[in-house]
Amino acid sequence: MRIYFKNTGLKILINNKKYNFNLEKDINVKKIRKKYNDLVSDISLSNYKNLEYWSNNISERNTITSDHFLDFCYINLINKHKKKEIKIFTNKLSIFFYFSKYSQIGVISKIQFYIHFLYEKIITFKKVLFFLIQNLFIHLFYCNKRFRKNLNNSVILQTWISDFNFKNSNFFDLYNFNLKKKLQNKNKNKIYTWLIFNKVKNLKNVFKIIRNKNNEFLIIGDYLNLIDYFRSILFYFKSKKINLKQKKNLKNKKILNLFNYYNSTSPITYAILFFYFIEKIRKFKNINFLCHHENNIPEKILISSIKKFKIKSKIVGFFHSTKPNNLLYTNYASYKEYLISP
């Protein structure tokens, strides 16, 4: 088997003829899904006491934001034909790191793969720097301790926002719609909408609307200190110090190379700030969190943080969409993994 670097997802030649593959037909996706879930489960079982691990996208299995499972399917497709006269053309580093010691790769292609890897690493660190600068900017110019609320006996309704949520000086909750209004009719507790920023560009306009209706909204930046943003960077780097060798399945060098690559390029997430927010509000009692639960990193960090700081609260998670068959983040490999997962 020969592997060539080419700026494409995956192109396969078998006996010098293009192989027009169809993953749904050419491999047993259900079986591979089980195998992949077992591998992630082994990693989670080896690292579940490390709170930072749950911010690593390996733990998430999100097939919308990550190509991990797709790449794993590609690898299994190639393995199926590896004994044939096969040529692989790809820019997928997952394929390169998995097969690099067990296939023929020319010097030029190796250099191109490593340059591509360096580029990915630079992008990863660039995002870390951007995360720090952006959140420091928001904190310095738009956040203030005087906007903190007494969160005793409160309901915190979580929602993700962008510029589209703010029109004509009004806020429209595109995730929860009129849920807050219905809760207010039946609940005597104070209800705050926890705004989580997602691609907000017009910060000045957004914060003007937020502060004009300050009693309705909760911004975690109001509770954080400047040092917390730097602490979040350390949190991110700690998330990469995970154990990948403890379980038998992970002692396979090819599998180890693959997950080491995934670990090295795991991106930083805004949800890391949830940890420091929960740390700051731990003095309050009887907080009820309502959050979108898709078993992703934000939920994992929120739940883990509440457990760590032993906040007297209740978390109600709800799934706000249907579950397409290709989503893995609501899957567990075993009951044991379910028990240890946040």
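Reckoned from all heavy atoms, side chains included, excluding hydrogens, waters and symmetry mates. Predicted model only: the values in this text are computed from it and were never measured.
- Looking only at distances, no side-chain donor or acceptor of Lys238 sits under 3.5 Å from a matching main-chain atom of Asn50.
- Atom NZ of Lys213 has more than 12 heavy atoms from other residues, nucleotides or ligands within 6.0 Å.
- Note: the hydrophobic cluster containing Ile115 does not contain Leu93 (ILVMFWY, side chain heavy atoms under 4.5 Å, direct or indirect links).
- At least one donor-acceptor pair closer than 3.5 Å links the side chain of Asp173 to the backbone N or O of Asn176.
- Judged purely by atom type and a 3.5 angstrom limit, Tyr276 uses its side chain to pair as donor or acceptor with the backbone of Arg231.
- In summary, Asp222 and Arg211 engage in a salt bridge, as defined by a charged side-chain N under 4.0 Å from a carboxylate O.
- Note that CZ of Phe277 is 5.5 Å distant from CH2 of Trp194, once rounded to the nearest 0.5 Å.
- A distance below 6.0 Å separates the ring centres of Phe197 and Phe207.
- Panel note: side chain Asp228, backbone Asn225; a donor-acceptor pair is recorded below 3.5 Å.
- Taking the six-membered ring where the residue is Trp, the centroids of Tyr114 and Phe96 are separated by under 6.0 Å.
- For Phe172, the CZ atom is densely surrounded, since the number of other residues' heavy atoms within 6.0 Å is greater than 12.
- Ring orientation note: the planes of Tyr36 and Phe259 are close to parallel, at an angle under 30° on the 30°/60° scale.
- With sequence neighbours left out, the ring-ring contact (aromatic ring centres under 6.0 Å, His included) criterion links Tyr119 to no other residue.
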*asked:* Go through it in stages, so that I can follow the logic: the residues are Leu10 and Phe21, the test is side chain to side chain contact (heavy atoms under 4.5 Å, CB included), and I'd like the CA-CA distance, side-chain angles, deciding distance and then a yes or no.
replied: CA-CA 10 Å; Leu10 179 63; Phe21 59 86; 3.9 Å; yes

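- The hydrophobic cluster containing Tyr4 does not contain Tyr74, counting ILVMFWY residues as joined when their side-chain heavy atoms lie under 4.5 angstrom apart, directly or transitively.
- If you look at Tyr102 and Phe99, their ring centroids are not closer than 6.0 Å.
- Of the possible donor and acceptor atoms, one in the side chain of Ser109 sits under 3.5 Å from a partner among the backbone N and O of Phe5.
- A distance below 6.0 Å separates the ring centres of Phe171 and Phe217.
- For Asn7 and Asn91, the side-chain atoms include at least one donor-acceptor pair closer than 3.5 Å.
- With sequence neighbours excluded, no residue forms a side chain to side chain donor-acceptor pair (under 3.5 Å) with Lys241.
- Among Ser59, Ser239, Ser44, the one residue that satisfies the side-chain hydrogen bond (donor to acceptor under 3.5 Å, both in side chains) test with Tyr53 is Ser44.
- A 6.0 Å sphere centred on CG of Leu118 holds more than 12 heavy atoms belonging to other residues, nucleotides or ligands.
- Shown here is Lys149, whose NZ atom has more than 12 heavy atoms of other residues, nucleotides or ligands within 6.0 Å.
- Here the CG-CZ distance, from Asn28 to Arg33, works out to 10.5 Å after rounding to the nearest 0.5 Å.
- A donor-acceptor pair is defined here as one N or O able to donate and one able to accept, closer than 3.5 Å; such a pair exists between the side chain of Thr265 and the backbone of Tyr261.
- Proximity of a side-chain donor or acceptor of Asn152 to a complementary backbone N or O of Lys285 within less than 3.5 Å is detected.
- Grouping the Ile, Leu, Val, Met, Phe, Trp and Tyr side chains by contacts below 4.5 angstrom, directly or via other members, places Ile133 apart from Val200.
- Asn263 meets the side chain to side chain donor-acceptor pair (under 3.5 Å) test with Asn56; sequence neighbours excluded.
- The two residues Ile3 and Ser103 have their closest heavy-atom pair at CD1-OG, 3.4 Å.
- Relative ring orientation between Phe137 and Tyr142 is described as perpendicular, the plane-to-plane angle rising above 60° on a 0-90° scale split at 30° and 60°.
- Nearest heavy-atom pair, Asp26 versus Asn20, reported as atom, atom and distance to 0.1 Å: OD2-O, 4.5 Å.
- Aromatic ring pairs are classed by plane angle as parallel below 30°, tilted from 30° to 60° and perpendicular above 60°; the pair His68 and Tyr262 is parallel.
- With a 6.0 Å radius and a threshold of 12 heavy atoms from other residues, nucleotides or ligands, Lys80 has its NZ atom above the threshold.
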